[in-house]
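All ligand and atom numbering here is 1-based and tracks the order in the structure. Positions are given from 1 along the sequence.
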Amino acid sequence: MSGRLSGKVAIVTGSSSGIGQSIAVRFAEEGAIIVVDYRNHPEGANDTKKQIESKGAKAITVQADVSKLADNQRLVDQAWEQLGGCDILVNNAGIEKGADFWDVTEEDYDAVLNVNLKGAFFLTQFFVCRLRDAKRPGRIINISSVHEDMAFPHFSTYCVSKGGMRMFARNLAVELGPLGITINNIAPGAIMTPINKTLLDDKPKLNALLENIPLGRMGKPEDVAGLAAFLASDEAAYVTGSTYIIDGGLTVNYHEQ
Ligand SMILES: NC(=O)c1ccc[n+]([C@@H]2O[C@H](COP(=O)([O-])OP(=O)(O)OC[C@H]3O[C@@H](n4cnc5c(N)ncnc54)[C@H](O)[C@@H]3O)[C@@H](O)[C@H]2O)c1
């Protein structure tokens, strides 16, 4: 397929639902071949693959739990073995667990940090090593959150993971620039996906949130996918080490009454 990502191969982690699925489909529309990663929802991954194929593009599905190093290595290996390489990595897989700070368990801490931060860290390492050895350029896009900066009370593990992702991108921009590899974060605000099911089911809480969003609505996964497509394309060739906030104005909306 022709398009801004024509001939590129992209891994999108956690692309069996939500933002990841939308990015996978959008990249395919732009001409990329997609490695659809999923942890334990093959039906969601197959749905993503079907959507991609219905647009005349190509995708493979790979089961890989990003919190496991061996799975991450296998994910990159599969892209190279089945598709001849990999040019774009989207670290999208993420989870959140709410708890007052004093109630956070080691188990919850490890669960969130291992997926959101350790997973992205080592998958990126495997992705970069292959590119370095092949002397090929590349693109890394992390789906962080407005909570890489902004407090989110009762979600300290999530904020720690996304804050870490913020410095991950800045540090790697410096180390990877000489290799021709860029890395940027997308920081979404409130997007309508399964991760927000509790919020979406709580009308008073949802309405209170909407009042704080100048554009008056939650974001759609497609909104995020459009920005990701730009960052993966040649149009963003000179962009690295940055975070792009996409939140309908939420984070700039503090005002004196
Ligand atoms: N929806 C929002 O409002 C919002 C806002 C800011 C940031 N984000 C971030 O966007 C990303 C995508 O979330 P979403 O909103 O689409 O929700 P989602 O729950 O639909 O997507 C998360 C995906 O990650 C996958 N995943 C979880 N653990 C995994 C693992 N160990 N290995 C592989 N995949 C795994 C899930 O299966 C799922 O497909 C997350 O990183 C999330 O923190 C979402």
Side-chain angles (χ1 to χ4, degrees), residues 11-26 34-49 61-76 78 89-98 108 110-123 141-152 155 157-166 168-169 185-200 205-206 209-210 212-213 217-225 227-228 243-248 250-251:
I11 295 174
V12 185
T13 66
S15 49
S16 56
S17 68
I19 292 170
Q21 182 175 64
S22 205
I23 291 174
V25 173
R26 178 63 192 268
I34 310 299
V35 181
V36 177
D37 158 66
Y38 68 99
R39 180 182 47 174
N40 51 13
H41 292 295
E43 67 289 349
N46 285 329
D47 177 43
T48 308
K49 186 171 187 274
T61 61
V62 177
Q63 190 284 330
D65 178 340
V66 299
S67 69
K68 296 183 178 151
L69 265 64
D71 282 23
N72 285 331
Q73 182 68 74
R74 187 165 45 77
L75 183 56
V76 173
Q78 284 298 307
L89 170 64
V90 182
N91 287 310
N92 165 77
I95 59 170
E96 61 179 40
K97 286 183 184 288
D108 285 354
D110 285 344
V112 173
L113 271 290
N114 285 348
V115 175
N116 296 11
L117 193 56
K118 181 180 162 192
F121 189 104
F122 285 102
L123 177 57
I141 298 164
N142 299 317
I143 307 303
S144 67
S145 166
V146 289
H147 300 300
E148 70 165 49
D149 256 338
M150 192 188 176
F152 188 9
F155 285 85
T157 50
Y158 188 74
C159 289
V160 167
S161 72
K162 298 298 187 179
M165 197 168 234
R166 176 182 168 81
F168 181 54
N185 288 6
I186 293 178
I191 311 297
M192 293 183 69
T193 70
I195 212 172
N196 282 321
K197 187 177 177 329
T198 318
L199 170 71
L200 291 165
K205 212 171 164 191
L206 179 61
L209 169 70
L210 291 176
N212 283 325
I213 301 175
R217 66 169 175 90
M218 286 181 74
K220 294 176 285 187
E222 294 77 16
D223 294 321
V224 182
L227 178 53
T243 292
Y244 282 69
I245 295 171
I246 176 162
D247 69 349
L250 176 70
T251 50

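At under 3.5 Å, a nitrogen or oxygen of Lys162, whether backbone or side chain, sits near a nitrogen or oxygen of ligand 1. Polar contact check, Val66 against ligand 1: a nitrogen or oxygen pair lies under 3.5 Å apart. For ligand 1, one of its N or O atoms has an N or O atom of Asn196 under 3.5 Å away. Taking any N or O of Gly189, backbone or side chain, at least one lies under 3.5 Å from an N or O belonging to ligand 1. Any N or O atom pair closer than 3.5 Å counts here, and Asn92 shares at least one such pair with ligand 1. For a threshold of 3.5 Å applied to N or O pairs, the pair formed by Ile19 and ligand 1 contains at least one separation below that value. Residue His41 has no N or O atom closer than 3.5 Å to an N or O atom of ligand 1. In terms of polar-atom proximity, defined here as any N/O pair under 3.5 Å, Gly14 does make such a contact with ligand 1. Taking distance alone, with nitrogen or oxygen atoms compared against 3.5 Å, Pro188 stays at or beyond that limit from ligand 1.
Within ligand 1, the atoms closer than 4.0 Å to a non-hydrogen atom of Tyr158 are 6 (C), 7 (C), 8 (N), 9 (C), 42 (C), 43 (O), numbered from 1 in the order shown. Contact atoms of ligand 1 toward Ile95: 27 (C), 28 (N) (distance under 4.0 Å to a heavy atom of the residue). Applying the 4.0 Å criterion to heavy atoms of Ile143 picks out, from ligand 1, the atoms 9 (C), 10 (O), 11 (C), 41 (O). Heavy-atom contacts of Ala190 reach the following atoms of ligand 1: 3 (O) (cutoff under 4.0 Å). Atoms of ligand 1 lying under 4.0 Å from any heavy atom of Gly18, numbered from 1 in the order shown and given with element: 16 (O), 20 (O). Within the listing of ligand 1, atoms 20 (O) sit less than 4.0 angstrom from a heavy atom of Pro194.
Nearest heavy-atom pair, Arg166 versus Glu148, reported as atom, atom and distance to 0.1 Å: NH1-OE2, 3.1 Å. Across every non-hydrogen atom of Ala93 and Val66, the tightest pair is CB-CG2, 4.0 Å. The shortest heavy-atom contact between Ala225 and Ser22 is CB-O, 3.6 Å. Considering every non-hydrogen atom in both Ser15 and Thr48, the closest pair reads O-OG1, 2.7 Å. Closest non-hydrogen pair, Ala111 versus Ile95, comes out as O-CD1, 3.5 Å. Ile191 and Pro221 get closest at one heavy-atom pair: CG2-N, 3.6 Å.
Closest heavy-atom approach to atom 18 (P) of ligand 1 within the set Ala64, Ala93, Ser17: this belongs to Ser17. The closest non-hydrogen atom to atom 7 (C) of ligand 1, taken over Ser144, Ser16, Gly44, Ser161, comes from Ser144.
For Asp37, every heavy-atom contact with ligand 1 shorter than 4.0 Å involves the side chain, none the backbone. Counting heavy atoms closer than 4.0 Å to ligand 1, residue Thr193 contributes side-chain atoms (C-beta onward) but none from N, CA, C or O.
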- Message: Working note: Glu96 + Val112, criterion side-chain contact (heavy atoms from CB on, under 4.5 Å); need CA distance, chi angles, decisive distance, verdict.
- Response: CA-CA 6 Å; Glu96 61 179 40; Val112 173; 5.8 Å; no

- Given Met165 and Asn116, is the side-chain contact (heavy atoms from CB on, under 4.5 Å) satisfied, shown in steps? CA-CA 8 Å; Met165 197 168 234; Asn116 296 11; over 6 Å; no

- Apply side-chain contact (heavy atoms from CB on, under 4.5 Å) to the pair His147 and Phe155, showing each step before the final yes or no. CA-CA 9 Å; His147 300 300; Phe155 285 85; over 6 Å; no

- Does the pair Glu43 and Asn46 meet the rule for a side-chain contact (heavy atoms from CB on, under 4.5 Å), with working shown? CA-CA 5 Å; Glu43 67 289 349; Asn46 285 329; 5.6 Å; no

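Looking at atom 22 (C) of ligand 1, its nearest protein heavy atom turns out to be Gly94 O, 3.6 Å. Annotation: atom 13 (O) of ligand 1 to nearest protein heavy atom, Ile195 CD1, 4.2 Å. Protein heavy atom in closest approach to atom 30 (C) of ligand 1: Arg39 CD, 3.5 Å. Here the protein heavy atom with the shortest distance to atom 31 (N) of ligand 1 is Asp65 OD1, 2.7 Å.
Here the straight-line distance linking atom CD of Glu222 with atom CD of Gln21 works out to 9.5 Å at 0.5 Å rounding.
Put simply, atom 36 (C) of ligand 1 has no protein non-hydrogen atoms near it, under 4.0 Å away.
Remark: the Asp65 side chain and the Ser67 side chain contain an N/O donor-acceptor pair separated by less than 3.5 Å.
Atom CE of Met192 sits in a sparse spot, with 12 or fewer heavy atoms from other residues, nucleotides or ligands closer than 6.0 Å.
For the side chain to side chain donor-acceptor pair (under 3.5 Å) with Asn91, the qualifying choice from Asn185, Thr13, Asn142 is Asn142, the only one to do so.
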